[in-house]
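Below: the structure, in structure tokens.
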Amino acid sequence: MSPSPKKPVTETDILFADARPAAEFRFDASVARVFPDMIRRSVPGYTTIIPMIEVITEQYVQPASHCYDLGCSLGASTLAMRHGIRHRDCVLTGVDNSAAMLERCEHYIALDDHPLPIALRCEDIAQTALENASVTTLNFTLQFIPPAQRSTLLARIAAATRPGGVLILSEKICFDDVSEQETQTHLHHEFKRANGYSDMEISQKRSALEQVLIPETLAVHRERLLSAGFTQVVVWYQCFNFVSILAIKAS
Ligand code: GEK
């Protein structure tokens, strides 16, 4: 009997706990090691959104179609999609441009007892070929794509999506109204404090992400999704400045 695959060791996120020189945030091996802890303690709603991706996938997946998880990290959203796909003739692909993330993702997939194969691709999602899609997920990934490239990517996703298919888009958002922005940011920071992050960790992570994670307003997302070719845009989840949107292409 072959030995059963081992769960990768996950560490507590203390990456920003000590004073450190300012540097841009990167999805490298040190982030990959702490990622499950980091995202759960930093992104309000993440632990709700992941199981709902399974529910939404099950609702919209079509036989003999492709499903894509763009920016799959360690595969939490990919595995949720896998469990929502009831058709054995579907093709599920996870894409990420961080080799460190994908290396761990492979281990999590190996541990998941499900027969549908998952193809992993290490590439920039701007280059990923898309076709015959029923469900595509961008779970907190579009925010890391340069804003000038976002319309082209969403138009490619919409064009590749079958009638009746969907895009699940989760994002950190910002607000036109200054006081709403302040209130939501404050509540997000309180969420992080409640999850054990210190003021220094919150502030150093914020600086590291400043040039890398560029949030946009809900109105900008909605307009762009409609221009890209989706017909209905539904915000199905919001907690503070984090949302998940279902963009549907009419059947
Ligand atoms: C989850 N969806 O657990 N091409 C490919 N991948 C990229 C690119 C790009 N251009 N830019 C960033 N990434 C996951 C969480 S995390 C969200 C997604 C977060 C990848 C990057 O390497 C990282 O793995 C992922 O997008 C974003 O549901 O860390 O807040």
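One-based numbering, in listed order, for ligands and for the atoms of each. Computed from a predicted structure; not experimentally measured.
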Would you say that [X] contacts [Y] through its side chain, given a criterion of any heavy-atom pair below 4.5 Å between the two side chains?
| X | Y | result |
| --- | --- | --- |
| Thr93 | Ile118 | no |
| Ile157 | Phe230 | yes |
| Arg86 | Val61 | no |
| Tyr197 | Met38 | yes |
| Phe27 | Asp96 | no |
| Ile39 | Leu74 | no |
| Leu154 | Leu142 | yes |

Report yes or no: does [X] have a heavy atom closer than 4.0 Å to ligand 1?
| X | answer |
| --- | --- |
| Lys172 | no |
| Glu123 | yes |
| Val43 | no |

Flag for Asn139-Thr137: side-chain donor and acceptor within less than 3.5 Å: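 Judged by distance alone, the side chains do not pair up.
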Answer yes if the side chains of Asp69 and Ser77 hold a donor-acceptor pair under 3.5 Å, and no otherwise. yes
So which heavy atom in the protein is nearest [atom], and how far is it from that ligand atom?
| atom | value |
| --- | --- |
| atom 2 (N) of ligand 1 | Gly71 O, 2.8 Å |
| atom 28 (O) of ligand 1 | Asn139 ND2, 2.8 Å |
| atom 3 (O) of ligand 1 | Tyr46 OH, 2.6 Å |
| atom 27 (C) of ligand 1 | Phe140 O, 3.6 Å |
| atom 12 (C) of ligand 1 | Phe144 CB, 3.8 Å |

With atoms numbered from 1 as shown, which atoms in ligand 1 lie under 4.0 angstrom from a non-hydrogen atom of [X]?
| X | answer |
| --- | --- |
| Thr141 | 18 (C), 26 (O) |
| Ile145 | 9 (C), 10 (N) |
| Gln143 | 30 (O) |
| Phe27 | 21 (C), 22 (O), 23 (C), 27 (C), 29 (O) |
| Ser77 | 1 (C), 2 (N), 14 (C), 28 (O) |
| Ser98 | 22 (O) |
| Met101 | 24 (O) |
| Asp124 | 4 (N), 9 (C), 10 (N) |

Examine distances only and state if a side-chain atom of Glu171 and a backbone atom of Ile245 form a donor-acceptor pair shorter than 3.5 Å. no
I'd like to know if the side chain of Arg150 and the backbone of Ile145 have a donor-acceptor N/O pair within less than 3.5 Å. yes
Evaluate whether atom CZ of Arg206 has more than 12 neighbouring non-hydrogen atoms of other residues, nucleotides or ligands under 6.0 angstrom away. no
Please work out which of [options] has its closest non-hydrogen atom nearest to [atom].
| atom | options | result |
| --- | --- | --- |
| atom 25 (C) of ligand 1 | Ala80, Cys72, Ser73, Cys122 | Ser73 |
| atom 11 (N) of ligand 1 | Leu213, Val212, Asn97, Asp28 | Asn97 |
| atom 20 (C) of ligand 1 | Leu138, Leu102, Asp96, Val31 | Asp96 |
| atom 4 (N) of ligand 1 | Thr78, Ile125, Ile49 | Ile125 |

Polar atom proximity, Asp69 to ligand 1 (N or O, under 3.5 Å):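 Such a contact does not occur with ligand 1.
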Please work out, at 4.0 Å between heavy atoms, whether the side chain, the backbone, both, or neither of Ile50 comes within that distance of ligand 1. side chain
Any side chain to side chain donor-acceptor pair (under 3.5 Å) pairs touching residues 110-130, not counting sequence neighbours? Arg82-Asp112, His83-Asp112, Arg121-Glu123, Glu123-Thr128
